[in-house]
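What follows is one structure encoded as structure tokens, with my remarks underneath.
A note on names: the letters A, B, ... follow the listed sequences, proteins ahead of strands, and every chain is numbered from 1. All of these numbers come straight from a predicted model, not from anything done at the bench.
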Amino acid sequence: MSDEYNPTEIEAKWQSRWSDRAINTFSDEDLRTAERPFYNLMMFPYPSAEGLHVGNMYAFTGADIYGRWRRLQGEDVFEPMGFDAFGIHSENFALKKGINPMELIPSNIENFSRQLRGIGAMYDWNHTVDTTDPQYYRWTQWIFLQLFKAGLAEKKEAPVNWCPSCHTVLANEQVIAGACERCGTPVEQRFLSQWFFKITDYAQRLLDNLTWIDWSETTRKAQENWIGRSEGAEIRFRISSPWEARAGTAAGDAFRQRVAEHAVQLENMSEDERSRTVWVQDLFIPVFTTRPDTIFGATFMVLAPEHELVEWITTPAQRGLVEAYREQAAGMDLVTRKKAEKDKTGVFTGAYARNPATEEDIPIWIADYVLMEYGTGAIMAVPGHDERDFEFATRFELPIRRVIAGPGDRVDTPLGQAYDGDGTLVNSGRFDSRDWQTAKRDITEWLAQRQSAEARVNYRLHDWCISRQRYWGPPIPIIYCDQCGTVPVPESDLPVVLPYVENYKPDESGISPLARVEEWYRIPCPQCGGHARRETDVSDTFLDSAWYFLRYPSARFNDVAFDPELTRKWLPVDMYIGGEEHAVLHLLYSRFITMVLKDLGYLEFEEPYKRFRKHGLLIKEGSKMSKSRGNVVIPDQYIEKWGADTFRTYLMFLGPYQEGGDFRDQGLTGPAGFLGRFWDTIVPVSELGTAPATGGLEQKLHATIKKVTDDVAGLRYNTAIAAMMEYLNAVREAGRTANRDEVEPLVLLVAPFAPHLAEELWEQLGHKESLFTGKHWPIYDPDKAITDTVEFVVQVNGKLRARIAMPRGISQDAAQAAALSDENVRRFINGGSVRKVVFVPDRLLNLVIG
RNA sequence: GCCCGGGUGGCGAAAUGGCAGACGCAGCGGACUCAAAAUCCGCCGGGCGCAAGCCCUUGAGAGUUCGAGUCUCUCCUCGGGCACCA
């Protein structure tokens, strides 16, 4: 080894030594017998074509530093890494390249693994996961089956975005201003039959647990918003237009069936009437509202254009208009339709409903600002107190009525805009002058007594659509039999292997590419042996990643998804670090799957991650990194030039880890110089025997250990590094070769950041074992971490007038005496009398002059 | 519109209600060198001053306090998330 700091040489040496001596890997036996298990998890990457991005490396380095720190404290830290290699990203890249993903993805993974080995993280490559491995997705399919058997997976029709040019279904995120993000073609809405997981059944539990899990606050808030709990009431409005749907006619029978299916309320009907006729006026339209207190101001109703009742209540005179409007709405993509800036449009159905509070008949309209997916797909419109309803009422000249009076409003103060603030009720009959908050409850109760309402909670969260009409994912393990209907694939037949398909491109049919492979999907029914076909959709990538953390410890077992004993020992995850971009979907889905598996008896916990911390986002020279800007930082050249240790240290130094930072090429010289001086300072020390720390360095050392320990624990890596720099500067200012006790602890402090350098110096200091094999993190002595003298700040009337060194623990009187003898202090007191003295021990003295 | 974060030197950033600008980058001056690079030493928010020191300064304005970058209110602004969610 040469005298100069040579990162390339050192890093190669230690990476191969770690691997040869199995420093970072556990055997399955190690996992079973570990005494102080600590599961340190980071979000696994999808192995993109471009390779490891500096954003990945930033995330992984910060997480690895935490893991290495816990290991230096003597814990058995399990730090696995894997690949989220299924999904549309990988498939689209394969399409672009014209190479089948089944051939392309393995080479991406290989490239990624190579890069990951170079960043100096302590990954356990004995326990890795690749979601495209049949031995992995076999268990993804198994989880689907468990949900199916528990009644938590169901197939239903749902609207999707369809690009007629690319022949594919698009996620909402892929639709930009109503057009396909790739080709610019306007997107259409199509209805397809899809598999859903009933995550809404878990909405309240997912929300409740957020109060106690130890997660970044912003992430908890994001989940809370996403779940979107609203409290209010469901109120029923009786239709008051007297049309009938007669039994025995085709239309009448179809209507009666719809009524039964959709649980529209039927009341006050004799058996005889039921068998003959359904009167539209016997139907109720349920609406959800968070403002039952404003019901006296509901002057019309609006249904979503797709609402089932529309075709039955529309009058012949309005039918043409209504049909035209419905068609137009159906042709519109979901994104454009949900645009708030769009002008309100709508059509009157000709029908009326009775407001249960005022007993007035109010018109029923349809409009696309009411969404079928939320609530009941119908609203009571209160234009006086809802901005959207106000806009609609103004446009179509519908009555606007004030029913809430804010401070200073009179009963008849006209409304120039919707008022949604606090107030008391007006124009509301017996509820007049009641406070709006109280009235919410009172009116709901009053209507409930008359069977017209009940209190209700609604969630914004939708069921999780897991079907993908694409190729690159795990086939959904379901078989459709002509005789037996929907049959789950028997668990003993798993995995349902994704076949190699030459033409895996999606086409205009909207049907999965697997539907073109007859020899694959046509199979005998596992129950009756009759004609049957496989489900040809694959599942969402988010399902792959919803349980991968359960798989890591058991990654080497093929007969079980997760071994119960290892799971009990290692899970839930102790520390999870990842990007805020997954704050909602991935983190919510994995919480949901964990809860389900717990309810089904497979797990003993229901929250997968004890702690979650988000890391910040890296930008480059003040702007976002993106391929189009051409400013994406690829770590390889930097590591080659500066070494992984310098690169890691720089990434952690450029800003607070949880907030991100601005990457500038020039900035690397700072940490590079630091590590170079570190080397120069410590190499000569190895030739000396032990000697204690001397002078001010001992105090400074203990203070630094405290600072670095606290900062690393709180992921404040930037200030931890600054503290080490300060200490190193102090050692060098001593102007002599340092004593061993002055610098050996510093080698340990820097080890999580620059593990190769630390190992090398540790060895040169005479240690035989890797420093990551023992409990080596230095412990500070609180008594030694403080100085004997303190610099007192003396203020006069709150302004700094002097700094005076005084012994620690000095009394107020003594400090005051010292202060009063200071010339500058005297000058500012200027003969005035000291009216008040503020004394902060060992810190500050403030003399207030009257 | 709603919910989170931010706004501090030329730049990245520090600061349990108690010395604003730690640490680093860039810059300037010096040493070494024939020279350059590397390395080392010094200076480095603005203004006044020979100096001691003084005044100003944390997006804007008010407030609480002996004392505010930090707490409260109002506003401006940037970033992120959600969004006709009834």
Within the 6.0 Å centroid threshold, strictly below: A:Tyr727 and A:Phe678 = no
Using a heavy-atom cut-off of under 4.0 Å over every strand shown, decide if A:Glu791 touches base, sugar-phosphate, or nothing.
-> base
What does B:C2 pair with, Watson-Crick or G-U, if both distances are under 3.5 Å?
-> B:G81
Pairing partner of B:C73, by Watson-Crick or G-U wobble and under 3.5 Å for both distances, is B:G61
Contact class for A:Asp389 (heavy atom, under 4.0 Å): base, sugar-phosphate, or nothing?
-> nothing
Base, sugar-phosphate, or nothing for A:Arg456, non-hydrogen atoms under 4.0 angstrom?
-> nothing
Closest to side chain of A:Pro656, choosing from B:A14, B:C4, B:C19 = B:A14
Tell me what A:Arg664 touches on the nucleic acid: a base, only sugar-phosphate, or nothing, going by heavy atoms under 4.0 Å.
-> sugar-phosphate
Below 4.0 Å: OP1/OP2 of B:G53 and any side-chain N or O of A:Lys799 = no
Can a donor-acceptor pair under 3.5 Å be found between the side-chain atoms of A:Asn225 and the base atoms of B:C82?
-> no
If you look at every heavy atom in A:Pro356 and A:Arg236, which pair is closest and at what distance?
-> CG-O, 3.8 Å
Provide the distance between the two C1' atoms, one in B:C19 and one in B:A14, to the nearest whole Å.
-> 14 Å
With a 4.0 Å cut-off on heavy atoms, is A:Asn846 in touch with a base, just the backbone sugar-phosphate, or nothing at all?
-> base
Considering just the side-chain nitrogens and oxygens of A:Arg827, establish if one lies under 4.0 Å of OP1 or OP2 belonging to B:A52.
-> no
Residue of the set A:Val302, A:Thr299, A:Thr294, A:Asp389 for which side-chain contact (heavy atoms from CB on, under 4.5 Å) holds with A:Met380 | A:Thr294
With respect to the side chain of A:Val793, which nucleotide from B:G67, B:C19, B:A86 is positioned closest?
-> B:C19
Name the pairing partner of B:G53, where a pair is Watson-Crick or G-U wobble with both distances under 3.5 Å, or state none.
-> B:C48
Rounded to the nearest angstrom, tell me the gap between atom CG in A:Asp368 and atom C1' in B:C84.
-> 9 Å
Check whether any side-chain nitrogen or oxygen of A:Thr719 sits under 4.0 Å from OP1 or OP2 of B:A22, and answer yes or no.
-> no
Does a distance-only test, which skips hydrogens and angles, find a donor-acceptor pair under 3.5 Å between the side chain of A:Arg677 and the base of B:U39?
-> no
Provide the distance between the two C1' atoms, one in B:G79 and one in B:G46, to the nearest whole Å.
-> 29 Å
Quote, to the nearest angstrom, the P distance that separates B:G61 from B:G17.
-> 24 Å
Got a donor-acceptor pair under 3.5 Å from the side chain of A:Arg803 to the base of B:C19?
-> yes
Could you give the CE-to-C1' distance, from A:Met725 to B:G12, as a whole number of Å?
-> 12 Å
Result for 5'-nearest mapping on RNA chain B, choosing between A:Gly661 and A:Glu823, is A:Gly661
Nucleotide B:G1, atom P - distance to CG of A:Asp420 in whole Å = 12 Å
Which value, in whole Å, describes the distance between the P atoms of nucleotides B:C85 and B:U77?
-> 24 Å
Closest-nucleotide 5' rank along RNA chain B - winner of A:Glu733 and A:Glu659 = A:Glu659
For B:G24, the Watson-Crick or wobble counterpart (both distances under 3.5 Å) = B:C11
Write down the atom of A:Thr349, the atom of A:Ile364, and the distance for their closest heavy-atom approach.
-> OG1-O, 2.7 Å
Quickly work out the A:His307 NE2 to B:A86 C1' distance and round it to whole Å.
-> 13 Å
Taking CD from A:Glu224 and C1' from B:C4, how many angstroms apart are they, rounded to a whole number?
-> 11 Å
Looking across every strand, which nucleic acid part, if any, lies under 4.0 Å from A:Tyr650 by heavy atom: base, sugar-phosphate, or nothing?
-> nothing
Give one of base, sugar-phosphate or nothing for A:Leu654, where a contact means two heavy atoms less than 4.0 Å apart.
-> sugar-phosphate
Separation of the C1' atoms in B:A83 and B:C2, to the nearest angstrom | 8 Å
note: A:Tyr374, atom OH; B:C85, atom C1'; distance rounded to Å ~ 5 Å
Within less than 4.0 Å of OP1 or OP2 of B:C54, is there a side-chain N or O belonging to A:Arg801?
-> yes
Have a look at B:G69 and give me syn or anti from its glycosidic angle (syn if within 90° of zero).
-> anti
Interatomic distance at P, B:A13 relative to B:C50, whole Å = 38 Å
May I ask you to evaluate whether A:Lys221 reaches the phosphate of B:C3, defined as a side-chain N or O under 4.0 Å from OP1 or OP2?
-> no
Distance, C1' atom - from B:A51 to B:U57, rounded to whole angstrom = 24 Å
Scan A:Asn729 against the nucleic acid and name what it touches under 4.0 Å (heavy atoms): base, sugar-phosphate only, or nothing.
-> sugar-phosphate
Check the pair A:Asp665 / A:Lys620 against salt bridge (Lys or Arg N to Asp or Glu O under 4.0 Å), numbers first and verdict last.
-> CA-CA 9 Å; A:Asp665 291 2; A:Lys620 177 83 199 284; 3.7 Å; yes
Could you give me the CA-CA distance, side-chain angles and deciding distance for A:Val796 and A:Ile849, then say whether side chain to side chain contact (heavy atoms under 4.5 Å, CB included) is met?
-> CA-CA 7 Å; A:Val796 178; A:Ile849 306 306; 3.7 Å; yes
Separation of B:G12 P from A:Phe663 CZ (nearest whole Å) = 16 Å
Assign A:Gln795 to base, sugar-phosphate, or nothing according to its heavy-atom contacts below 4.0 angstrom with the strands shown.
-> base
Taking the six-membered ring for Trp, are A:His582 and A:Phe542 parallel (under 30°), tilted (30 to 60°) or perpendicular (over 60°)?
-> perpendicular
Separation of atom CG in A:Asp662 from atom C1' in B:A26, rounded to whole Å = 14 Å
Do A:Trp365 and A:Phe348 pass the ring pair (Phe, Tyr, Trp, His ring centres under 6.0 Å) test, and can you show the C-alpha distance, the side-chain angles, and the key distance before you say yes or no?
-> CA-CA 4 Å; A:Trp365 287 62; A:Phe348 178 42; 5.7 Å; yes
Intermediate values then yes/no, ring pair (Phe, Tyr, Trp, His ring centres under 6.0 Å), A:Phe653 and A:Tyr717 = CA-CA 7 Å; A:Phe653 183 62; A:Tyr717 299 139; over 10 Å; no
In Watson-Crick or G-U wobble terms, with both distances under 3.5 Å, the base opposite B:U39 is B:A31
Please measure how far the P atom in B:C3 lies from the corresponding atom in B:U72, and state the result in whole Å.
-> 16 Å
